[in-house]
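Just so we're clear, the structure is a prediction, and the values are computed from it rather than from any experiment. Both counts, for ligands and for their atoms, begin at 1 and track the order of listing.
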Amino acid sequence: NYYRDVNRLLHAVQKNATKGDPRSVVKAIDNFCRQKEWAMNVGDEKGCILDSVVSEVNPVTVLELGTYCGYSTVRIASLLPPRAKIITLEFNPDYAKIARQVIAWAGLEDKIQVVEGPSGEWIPKMKEQFGVKTFDLVFLDHWKDRYLPDTKLLEDCGLLRKGTILLADNVICPGTPDYLEYVRNSPRYKSQYFKSHLEYTKAEDGLEKSVFLG
Ligand SMILES: O=C(NC/C=C/[C@H]1OC[C@H](O)[C@@H]1O)c1cc([N+](=O)[O-])cc(O)c1O
Ligand SMILES: [Mg+2]
């Protein structure tokens, strides 16, 4: 089953990556997914685009929606300045369990908070529970039909500020048509598409980067 697969991914990290070296954890997962078993990590090709956006934004507070095994969480955290933090929401407890161990292997526990549960329930609690004022960067990579409702929820909860960057994975494959239509047509966003490929495949996919204009 799917859980056994993610367990094998964790073992590949523990076998092939150097403890405390985040980039070797990223490499080990990419090699495992290319050579052994496909998995829905953002992957190395889209990962490079993610890296460049993170480096450009240099965020202090990051929200990730959809932790999965923690690949993008580790990838982002490895580029953050010392005091910066990521809150990452994961609905599936099995994935959250694996992600915590991948994050620990990378030695990034101090920068990352894995929160289990539905994004729709946790977003309204961000301020009171985690002392978040606004997010500098949001990476959307969870259920594709939750991108739009959760973006609207972030707006309504005052968690976005002028200049907050939303970066969304899979806007082509599996696709997030309602979200794409919204950020591309709303006067409150300036949107840009980064064409790429679905992780570890030749299928088209891409990331949509949207700046919240306030
Ligand atoms: O569903 C995707 N992501 C959302 C994940 C959903 C499930 O994992 C996290 C969440 O708790 C849920 O259990 C996805 C799917 C594909 N895909 O090719 O099918 C590719 C991707 O990059 C993806 O992020
Ligand atoms: Mg994805």
Side-chain angles (χ1 to χ4, degrees), residues 1-10 13 25-26 29-34 36-54 62-77 86-103 112-123 125-126 137-151 153-154 165-180 183 191-210:
N1 66 2
Y2 215 52
Y3 181 66
R4 242 201 329 272
D5 299 352
V6 288
N7 233 329
R8 281 199 291 271
L9 183 148
L10 171 65
V13 167
V25 167
V26 167
I29 293 174
D30 283 330
N31 290 340
F32 177 76
C33 293
R34 275 195 185 286
K36 299 281 185 338
E37 294 167 31
W38 185 90
M40 58 183 169
N41 318 113
V42 73
D44 42 0
E45 193 181 323
K46 289 184 288 178
C48 286
I49 301 168
L50 172 63
D51 291 352
S52 59
V53 172
V54 173
V62 182
L63 175 64
E64 176 180 65
L65 300 174
T67 316
Y68 186 41
C69 297
Y71 172 92
S72 48
T73 331
V74 164
R75 193 157 185 144
I76 294 168
I86 302 188
I87 295 174
T88 180
L89 303 188
E90 177 49 59
F91 174 75
N92 182 313
D94 292 335
Y95 295 155
K97 215 166 116 217
I98 297 288
R100 291 183 204 280
Q101 296 172 83
V102 168
I103 289 161
I112 300 166
Q113 171 137 31
V114 179
V115 178
E116 280 178 52
S119 49
E121 285 176 24
W122 274 112
I123 288 171
K125 295 179 188 164
M126 281 292 142
L137 172 67
V138 181
F139 181 55
L140 299 95
D141 193 21
H142 58 333
W143 286 127
K144 306 316 161 195
D145 58 3
R146 288 297 314 174
Y147 283 28
L148 182 54
D150 285 346
T151 296
L153 197 51
L154 286 164
I165 301 288
L166 303 189
L167 188 65
D169 189 26
N170 310 117
V171 295
I172 303 299
C173 175
T176 62
D178 58 344
Y179 172 80
L180 220 40
V183 289
S191 229
Q192 186 184 0
Y193 175 60
F194 291 80
K195 185 174 158 67
S196 183
H197 296 96
L198 178 68
E199 48 267 26
Y200 319 118
T201 78
K202 293 192 177 357
E204 179 177 347
D205 188 21
L207 300 175
E208 188 80 2
K209 176 189 169 195
S210 308

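Nearest protein heavy-atom contact of atom 3 (N) of ligand 1 is Lys144 NZ, 3.3 Å. Here the heavy atom of the protein found nearest to atom 23 (C) of ligand 1 is Asn170 OD1, 3.3 Å. Looking only at heavy atoms of the protein, atom 10 (C) of ligand 1 is closest to Glu90 OE2, 3.3 Å. The closest protein non-hydrogen atom to atom 5 (C) of ligand 1 is Met40 CE, 3.7 Å.
Proximity of the aromatic rings of His142 and Tyr147 is defined here by a centroid distance below 6.0 angstrom, and this criterion is met.
Counting only protein N, O or S atoms, the number found under 2.8 Å from the Mg ion (ligand 2) is 3.
For ligand 1, the atoms lying closer than 4.0 Å to a non-hydrogen atom of Trp38 are 17 (N), 18 (O). Interface of Phe91 with ligand 1, defined as ligand atoms under 4.0 Å from a residue heavy atom, comprises 11 (O).
For Pro174, the closest heavy-atom approach to ligand 1 falls below 4.0 Å. The shortest separation from a heavy atom of Tyr68 to ligand 1 is not under 4.0 Å, leaving the residue out of contact.
At a 4.0 Å heavy-atom cut-off, ligand 1 touches His142 through the backbone alone.
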Next item on the list: Would you sort out whether Lys144 and Asp141 count as a salt bridge (charged side-chain N to carboxylate O under 4.0 Å, His left out), showing the intermediate values?
Entry: CA-CA 7 Å; Lys144 306 316 161 195; Asp141 193 21; 3.4 Å; yes
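Under a 4.0 Å N-O distance rule, the pair Glu116/Arg100 qualifies as a salt bridge. Arg8 has a carboxylate O that lies under 4.0 Å from a charged side-chain N of Asp5, or vice versa, which qualifies the two as a salt bridge.
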